[in-house]
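A quick write-up on the structure given underneath.
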Amino acid sequence: MAKYPTIKAVFDRRHFATTEKLGTVEIYVSYSGKHFFYNTGVRLFINQWNIKKNVCRGYDTAADDNNIIRSLIGMISEKTEMPWKAGNFSIDNLRHSIKQKSEDSDPIQWIAEQVELLDRREGTKRHYRRLVDRLKKCHLFNNWGDFNYTNIKKFDNIIRKTGIMQSSIHNY
């Protein structure tokens, strides 16, 4: 039987983090010479990561961030186990399984939840919340399948008519 896939947290694989610049925590998955990285959304300074234990440390929300990382590793492990036992596991299938969104879930609610999880300044979060409000008011995006070129173009036309500055439209 083939070796079980490797699943672990890695910090700052691109070597961006310093004491003043944030780095990203990602989940690394490898199997049979293929691999991919899954972004956890957790961003840290270099002195906030314990290299030996692969955990966040030394700041107020470290325990919450560690829980996020552990739950994502658990979710990926769950999606890995059944196909691996059945002998039809592949990195491509796992990647597709993880990124696949349910058509029944509310995308606007999911986006709003992700905004609150971000480790950003309050002004940035306020800007994102405004975007979420505009997405709700346009009534174009009721499920994940509605995020298509036609609806995005309609949304672009709607926000252009409201007098928003070009830089904000570009960010949206």
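We count residues from 1, following the sequence as given.
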Min side-chain heavy-atom separation Tyr59-Asp65 under 4.5 Å: yes
Candidate pair Val115 and Arg129, rule side chain to side chain contact (heavy atoms under 4.5 Å, CB included), full reasoning: CA-CA 7 Å; Val115 167; Arg129 287 183 198 118; 4.2 Å; yes
4.5 Å side-chain heavy-atom contact, Ile69 and Ile27: yes
Phe45 vs Thr19 side-chain heavy atoms within contact, under 4.5 Å: no
From CD1 (Ile46) to CG (Leu22), nearest 0.5 Å: 11.5 Å
Flag side-chain contact, heavy atom, 4.5 Å: Asp12 against Trp49: no
From Ser168 atom OG to Arg134 atom CZ, the distance as rounded to the nearest 0.5 Å: 8.0 Å
Check: Ser71 side chain, Asn67 main-chain N or O, donor-acceptor pair, under 3.5 Å: yes
Qualifying residues under side-chain hydrogen bond (donor to acceptor under 3.5 Å, both in side chains), relative to Glu26, sequence neighbours excluded: Arg13
Residue pair Arg126 / Arg121, side-chain heavy-atom distance below 4.5 Å: no
Considering all heavy atoms, the nearest Pro107-Phe141 contact: CG-O, 3.9 Å
Smallest separation among heavy atoms of Ser77 and Ile7, with atom names: OG-CD1, 3.7 Å
Electrostatic pair Arg95-Asp92, nearest N-O below 4.0 angstrom: yes
Validation row, ring centre His35 to ring centre Phe37 under 6.0 Å: yes
Flag side-chain contact, heavy atom, 4.5 Å: His127 against Asn171: yes
Of Val10, Asn39, Val42, the residue whose pairing with Thr24 passes side-chain contact (heavy atoms from CB on, under 4.5 Å): Asn39
Cluster overlap Tyr28 with Leu72, hydrophobic side-chain contacts below 4.5 Å: no
Tyr38 side, atom OH; Leu94 side, atom CG - distance, nearest 0.5 Å: 10.5 Å
Between CG on residue Asn148 and CG on residue Asp146, distance to nearest 0.5 Å: 6.5 Å
Same apolar cluster (I L V M F W Y, side chains within < 4.5 Å links), Val25/Phe36: yes
Flag, side chain of Thr18 to backbone of Lys21, donor-acceptor distance under 3.5 Å: yes
Pairwise distance CE(Met82) to CZ(Phe89) - rounded to 0.5 angstrom: 13.5 Å
Point-to-point distance, once rounded to the nearest 0.5 Å, from CG of Asn142 to CG of Leu135: 11.0 Å
Heavy-atom check, side chain of Ile108 versus side chain of Val132, under 4.5 Å: yes
Stepwise side chain to side chain contact (heavy atoms under 4.5 Å, CB included) test for Lys79 and Ser97: CA-CA 7 Å; Lys79 291 183 179 285; Ser97 170; 3.4 Å; yes
Flag, side chain of Asn151 to backbone of Phe147, donor-acceptor distance under 3.5 Å: no
same_hphob_cluster(Leu131, Ile164) at 4.5 Å side-chain heavy-atom cutoff: yes
Check: Gln114 and Ile111 side chains under 4.5 Å, non-hydrogen atoms: no
Side-chain donor/acceptor pairs under 3.5 Å, residues 152-163, sequence neighbours excluded:
| from | atom 1 | to | atom 2 | distance (Å) |
| --- | --- | --- | --- | --- |
| Asp156 | OD1 | Arg160 | NE | 3.4 |
| Asp156 | OD2 | Arg160 | NE | 2.9 |
| Asn157 | ND2 | Lys153 | O | 3.4 |
| Arg160 | NH1 | Gln166 | OE1 | 3.0 |
| Thr162 | OG1 | Ile159 | O | 2.6 |

Lys8, NZ atom: more than 12 neighbouring heavy atoms under 6.0 Å: no
